[in-house]
Amino acid sequence: MIDPPGTGAVGTGVAGGRAAADPLLPAPTPREGAGLELTYESGVEIQARSQWTDTRRRFMRHRLAVVSLFVLLLIFLAGAFAHYVAPYSFEQIDLNNSSAAPTFTGWHVFGTDLIGRDYLSRVIYGIRTSEQVALLVALMSTLVGVTIGAIAGYFAGWVDNVLMRFTDLMLTLPPIAVLLTAAAIVKTRSPIIIAFILAALFWTGFARIVRGTFLSLREKEYIEAAKAAGASDTRIIVRHLLPNAIGPIIVAATLTVGIAILTEAVLGFLGFGVQPPTPTLGKLIADGQDAGTNLWWLVTMPGLTILLIVLCVNFVGDGLRDAFDPTQRRVRA
């Protein structure tokens with residue numbers, strides 16, 4: 001029996017019948033947009049994810065960074081609430097338990113020093129001092145560096161030359177020598193004063209990062225469109241350029257926290273940090289070094305605390321760098 005014209009053996013149409021009958025012919029391609037139409041017909045609504053949502057999802061896939069962030073928050077919260085977390089006051093003396101090794105008896109987990117002060121409590125209070133300095137340094141360095149870098153990168157020309165030559169001059173200064181000299185000149189060395197001294201040198205990295213980002217972004221079409229629409233320079237910088245540079249800024253600020261903690265510990269170890277009796281991690285290590293190797297916990301415990309904080313900060317910074325990079329597809333940890 002012969003099929004009537006206009007119908008195939010399988011399907012509706014001669015072409016459809018031939019395609020079904022002949023496996024060598026390519027299958028008909030689906031019409032563009034057909035899948036989207038079927039999605040709408042089935043009642044499924046497509047929701048667009050924001051940039052922050054994608055960034056958060058990429059960060060959460062970085063397991064090592066998430067764990068490090070959790071540990072870092074626990075350490076910083078313990079320092080922030082040292083009055084409630086520490087089992088003793090950092091100045092409390094117990095001569096009956098002097099030079100005691102680490103033990104759970106009496107919650108002397110980190111041992112005691114030569115005059116019986118609980119070292120766990122002193123380390124927790126030292127964390128509070130170090131985190132105050134580090135967070136202030138990160139905040140002030142970000143504000144100064146982003147401001148100078150944004151002005152230099154947006155206006156370019158002679159403004160860029162003047163600001164970047166000043167930045168290069170600051171980069172040529174030896175950091176430790178400048179910090180020791182400034183700390184020696186300043187008589188009252190509180191955490192805020194030490195933070196100001198550190199921030200005076202740490203802003204240069206932010207300025208160079210933001211300046212380089214702005215130089216590439218200022219030539220984009222949407223910036224030209226904003227200028228043509230009559231937007232002011234301040235509005236273009238704040239509303240259009242800074243949001244696109246926020247990723248490198250956040251990563252740099254995170255890593256600055258770790259660098260500031262290490263630098264403050266060095267100043268405290270050399271005796272140029274926050275003045276006693278306020279405990280700092282660097283000063284605790286210096287005090288433990290004077291006690292000799294027999295009281296090993298006086299150096300080991302604050303040293304391991306600094307190591308743990310810096311490692312967590314670096315892992316978090318690594319996760320943030322991957323999260324803010326939209327081209328990153330491979331999860332490294």
Side-chain angles (χ1 to χ4, degrees), residues 75-76 78-83 85-94 97-102 108-138 175-202 256-311 313:
I75 295 174
F76 278 7
F81 298 97
H83 287 293
V85 176
Y88 302 93
S89 171
F90 66 89
E91 294 181 311
Q92 184 174 346
I93 297 175
D94 184 7
N97 289 312
S98 61
S99 302
H108 297 304
V109 181
F110 286 3
T112 61
D113 61 5
L114 294 172
I115 57 177
R117 292 176 297 187
D118 180 64
Y119 235 58
L120 173 61
S121 302
R122 293 181 65 79
V123 167
I124 292 176
Y125 279 96
I127 292 172
R128 183 180 67 175
T129 304
S130 297
E131 79 175 87
Q132 287 176 353
V133 173
L135 295 178
L136 284 174
V137 169
I176 296 298
V178 173
L179 292 174
L180 292 179
T181 303
I185 294 174
V186 178
K187 300 303 179 182
T188 303
R189 295 193 296 269
S190 64
I192 297 178
I193 298 299
I194 297 298
F196 270 104
I197 295 175
L198 295 179
L201 293 177
F202 286 2
T256 301
V257 172
I259 298 174
I261 289 178
L262 279 177
T263 308
E264 187 274 332
V266 171
L267 291 178
F269 180 80
L270 296 176
F272 292 89
V274 179
Q275 292 176 326
T278 303
T280 64
L281 296 177
K283 188 68 171 83
L284 292 178
I285 295 177
D287 294 341
Q289 186 185 30
D290 296 336
T293 57
N294 292 330
L295 307 182
W296 54 267
W297 54 89
L298 301 184
V299 174
T300 304
M301 296 308 179
L304 289 178
T305 302
I306 295 175
L307 177 64
L308 181 61
I309 293 175
V310 175
L311 281 178
V313 169

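No experiment lies behind these values; they were computed from the predicted model shown.
To the nearest 0.5 Å, the span separating OG1 on T129 from CD1 on I261 amounts to 11.5 Å.
Taking the side chain as every heavy atom from C-beta outward, P277 and E91 approach each other to under 4.5 Å. Looking at V123 and L281, their side chains come closer than 4.5 Å, going by heavy atoms from C-beta outward. Counting only heavy atoms from C-beta outward, the side chains of F76 and V257 approach each other to under 4.5 Å. Under the 4.5 Å side-chain criterion, counting only non-hydrogen atoms from C-beta, W296 is in contact with P102.
Sorted pairs that involve residues 298-310 and meet side-chain hydrogen bond (donor to acceptor under 3.5 Å, both in side chains), not counting sequence neighbours, are lacking altogether. Applying the side-chain hydrogen bond (donor to acceptor under 3.5 Å, both in side chains) test to every pair with at least one member in residues 268-282, sequence neighbours left out, gives no pairs at all. Among residue pairs with one or both ends in residues 123-133, none qualify as salt bridge (Lys or Arg N to Asp or Glu O under 4.0 Å); sequence neighbours excluded. Within the structure, ring pair (Phe, Tyr, Trp, His ring centres under 6.0 Å) contacts touching residues 265-290 (residues at least two apart or in different chains) do not occur.
Of all heavy-atom pairs spanning I93 and R117, the tightest one is CG1-CG, 4.0 Å. Nearest approach of H108 to Y88, heavy atoms of both residues: CE1-CE1, 3.6 Å. Shown here for F110 and L120, the closest heavy-atom pair between the two residues is CB-N, 3.5 Å. The minimum heavy-atom distance linking S98 with L114 is given by the pair CB-O, 3.3 Å. Considering all non-hydrogen atoms of both residues, P302 and L298 come closest at CG-O, 3.3 Å. Y125 and A86 make their closest contact through CE1-CB, 3.7 Å (heavy atoms, listed as atom of the first residue, atom of the second, distance).
No donor-acceptor distance shorter than 3.5 angstrom exists from the side chain of W297 to the backbone of D113, with no hydrogens or angles considered. Under the 3.5 Å distance criterion, the side-chain polar atoms of N97 are left unmatched by any main-chain donor or acceptor of A100. Side chain of R189 to main chain of A183: a donor-acceptor pair is present (N/O by atom type, distance under 3.5 Å, no hydrogens or angles).
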N/O donor-acceptor pairs under 3.5 Å from side chains in residues 190-201, not counting sequence neighbours:
residue, atom, partner, partner atom, Å
S190, OG, I193, N, 3.4

| said: Let's go through L262 and V310 carefully: what are the C-alpha distance in whole Å and the side-chain angles of both, what is the deciding distance for side chain to side chain contact (heavy atoms under 4.5 Å, CB included) to 0.1 Å, and is it a yes or a no? | reply: CA-CA 8 Å; L262 279 177; V310 175; 3.7 Å; yes

| said: Between I285 and I306, is the side chain to side chain contact (heavy atoms under 4.5 Å, CB included) condition met? List the steps. | reply: CA-CA 10 Å; I285 295 177; I306 295 175; 3.8 Å; yes

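Salt-bridge check for D287 with K283: passed, with a basic side-chain N closer than 4.0 Å to an acidic carboxylate O.
Remark: T181 engages I185 in a side-chain contact (heavy atoms from CB on, under 4.5 Å) (not counting sequence neighbours).
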